[in-house]
Trainee: 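If you scroll down you'll find the structure; I have some questions about it.
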There are 2 protein chains.
Amino acid sequence: MTRAGRPIPTLSCKQCPIHLEGEWCVLSDDELETVTAAKRDRLFEPGEVIFHQGDACDGMYWIRDGLVGERRLDPDGEMALVRLSHTGKALGYQELLARKPYRNSAEALKPTRVCYLSRAVIRDLLDGNSRLGDLFLLRSLRDMEMTEDDYVTALNRGIRSRLLHALLTLYKHYGHFEIDKGHVLEIPIARKDLAALIGTGPETISRTIRKLEKERIARFEGRQVVFSCIDTIQAEIRSTG
Amino acid sequence: MTRAGRPIPTLSCKQCPIHLEGEWCVLSDDELETVTAAKRDRLFEPGEVIFHQGDACDGMYWIRDGLVGERRLDPDGEMALVRLSHTGKALGYQELLARKPYRNSAEALKPTRVCYLSRAVIRDLLDGNSRLGDLFLLRSLRDMEMTEDDYVTALNRGIRSRLLHALLTLYKHYGHFEIDKGHVLEIPIARKDLAALIGTGPETISRTIRKLEKERIARFEGRQVVFSCIDTIQAEIRSTG
DNA sequence: CCGGTCGCTTGACCAATATCAACGACGCGC
DNA sequence: GCGCGTCGTTGATATTGGTCAAGCGACCGG
């Protein structure tokens with residue numbers, strides 16, 4: 001559970017599929033070269049921890065590809081999965097910019113390649129390109145929006161609604177449509193993580209899943225789900241659920 | 001519930017107790033003068049709405065003094081009190097900077113004076129002072145931290161713990177210590193808002209309060225609370241509760 | 001002074017969820 | 001193949017919290 005990840009050869013930023021979105025798009029070719037030269041890439045296997053809650057933050061990470069879960073451990077030992085982060089997401093940028101220790105641990109849930117940039121490099125980039133700061137601000141605002149939405153959902157929706165919401169979100173990232181089967185999702189995380197994501201235990205997840213099957217809303221087989229009618233679920237999430 | 005607030009004479013920024021903290025501290029005297037000249041001040045009575053969820057955002061507000069609740073209405077009619085904002089807090093800056101409609105409604109919960117700055121003025125300030133953007137970023141990061149903390153709390157703490165947490169937070173802002181009575185808090189909001197803040201109904205608040213009284217953790221009389229031992233409560237919140 | 005509304009509380013009841021325990025399936029190391 | 005741990009499931013049971021209904025006191029307008 002606790003390793004540093006395996007160093008891998010540096011991936012070029014120019015060829016990176018995410019170099020045109022988010023913060024990267026404002027960087028000049030020269031700056032991109034600098035980043036490519038300065039960053040250190042690593043591969044984390046599922047279960048490996050990229051950084052630990054409480055640790056000092058001395059740089060930030062981008063997810064090149066893979067899946068990362070940010071976990072928060074309560075003083076009493078309860079663990080919550082605060083969010084899932086996918087390709088293109090930044091990890092630890094908030095703590096870096098605010099000069100604070102990591103609030104959450106980041107753990108690879110699938111094989112994940114990340115690009116690491118040290119505080120000094122980020123500082124130079126920020127000093128050299130004033131627009132970069134604006135884009136970090138925008139990223140922070142977007143993240144805030146999502147967290148606030150999740151917060152409201154957690155406050156006044158039941159487990160069933162939250163589970164459907166989580167599954168639908170996962171579907172958007174990992175699902176696909178098959179003409180003969182329908183909307184298929186291979187759930188990329190374990191039951192207990194699905195539970196930690198919506199604030200319950202694995203038992204309740206199991207039971208809620210069986211309810212959904214009885215109501216023919218979705219069919220589950222291991223980690224694969226087939227949704228009968230996505231629109232119906234959307235509607236249920238929006239209205240009372 | 002829906003008025004525009006009463007215009008009041010402009011309050012000088014130089015004499016404002018909050019002009020030295022947060023974003024303001026980086027402004028020059030000239031810039032402060034500009035702000036004073038450009039802003040429009042208003043007074044909102046309890047129940048009046050400063051802006052509505054879904055409305056377009058064309059400026060931002062600072063709370064000069066008073067208390068504001070940000071409410072979020074679900075598609076199914078459930079209302080959550082996302083956060084309480086006090087003197088010195090900015091309202092609507094996220095939506096302004098992200099160019100999005102308001103996510104929540106802002107309602108005065110006590111008589112509240114706010115300073116309004118239009119988008120154009122903020123733009124000019126941002127263009128003229130590059131450090132201002134950095135400070136908005138920091139504010140956003142701090143707000144994110146608080147929301148994320150609340151989110152985790154909502155995910156894996158029960159009503160009782162969340163209520164204690166909310167009361168303690170209120171105590172920090174509105175409480176005081178009396179040598180003969182102890183730690184006294186005049187709760188500044190109604191029961192139903194206290195309920196909406198932690199995601200339950202007024203009935204459950206009532207019952208939870210009586211439990212706390214039976215356990216001699218606090219004594220309630222109307223909106224006044226006297227805490228027996230703040231430290232005990234702190235401990236209970238940190239550990240399992 | 002009266003009727004009405006609102007905020008808060010209480011009771012009774014029910015639904016949702018947590019908790020404890022056990023079990024089968026599976027993968028892994030030996 | 002065997003032992004072992006993990007994952008997912010299920011059952012029984014306890015607890016929490018939600019819902020409906022009623023009551024009570026304060027405040028307000030007529």
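None of these values were measured; they are calculated from a predicted model. Below, read A as the first sequence line, B as the second, and so on, with proteins coming before strands; counting in each chain starts at 1.
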Trainee: Just how far, in rounded Å, is P of C:dT10 from NZ of B:K211?
Mentor: 13 Å

Trainee: Answer yes when A:D65 and A:R113 have at least one side-chain N-carboxylate O distance shorter than 4.0 Å, and no when they do not.
Mentor: yes

Trainee: Which nucleotide, C:dT10, C:dA21, D:dC7, lies nearest any side-chain atom of B:E203?
Mentor: C:dT10

Trainee: Within the structure, does a side-chain N or O atom of A:T204 lie under 4.0 Å from either OP1 or OP2 of C:dT17?
Mentor: no

Trainee: In whole angstroms, how far is the P atom of D:dT16 from the CZ atom of B:R162?
Mentor: 14 Å

Trainee: Please give, in whole Å, the distance from D:dC7 C1' to A:I187 CD1?
Mentor: 14 Å

Trainee: For the side chain of B:R207, starting at C-beta, report the closest nucleotide among C:dG7, D:dG18, D:dT19.
Mentor: D:dT19

Trainee: With respect to the side chain of B:A190, which nucleotide from C:dT10, C:dA18, C:dC8 is positioned closest?
Mentor: C:dC8

Trainee: Are any of B:R210's side-chain N or O atoms less than 4.0 Å away from OP1 or OP2 of C:dT10?
Mentor: yes

Trainee: Determine the minimum heavy-atom distance between A:R191 and A:I209, stating which atoms define it.
Mentor: NE-CD1, 3.7 Å

Trainee: Looking only at the side chains, is there a donor atom on one of B:D41 and B:Y61 sitting less than 3.5 Å from an acceptor on the other?
Mentor: no

Trainee: Nearest whole Å is fine: how far is D:dG18 P from A:L155 CG?
Mentor: 11 Å

Trainee: Expressed as a whole number of angstroms, how long is the span from B:I209:CD1 to D:dG17:P?
Mentor: 14 Å

Trainee: Hey, is the side chain of A:R191 pairing donor to acceptor with the base of D:dT10 inside 3.5 Å?
Mentor: no

Trainee: Whole angstrom is fine here: how far is it from CZ in A:R160 over to C1' in D:dG18?
Mentor: 17 Å

Trainee: From the options D:dT10, C:dA18, C:dT10, select the nucleotide whose nearest atom is closest to the side chain of B:S206.
Mentor: C:dT10

Trainee: If only side-chain N and O atoms of A:R223 are considered, is one of them under 4.0 Å from the OP1 or OP2 phosphate oxygen of D:dG8?
Mentor: yes

Trainee: For A:K192 and D:dT9, what is the distance between atoms NZ and P respectively, to the nearest whole Å?
Mentor: 14 Å

Trainee: Could you check whether A:R71 pairs with A:D193 (Lys NZ or Arg NE/NH1/NH2 to Asp/Glu carboxylate O, under 4.0 Å)?
Mentor: yes

Trainee: Atom CD1 of A:I205 and atom P of C:dA16: how far apart are they, to the nearest Å?
Mentor: 16 Å

Trainee: Looking at A:R6 and A:E45, is there a salt bridge between them, counting it only when a charged N and a carboxylate O are closer than 4.0 Å?
Mentor: no

Trainee: On the nucleotide D:dG18, are OP1 or OP2 found under 4.0 Å from the side-chain N or O atoms that B:T200 carries?
Mentor: yes

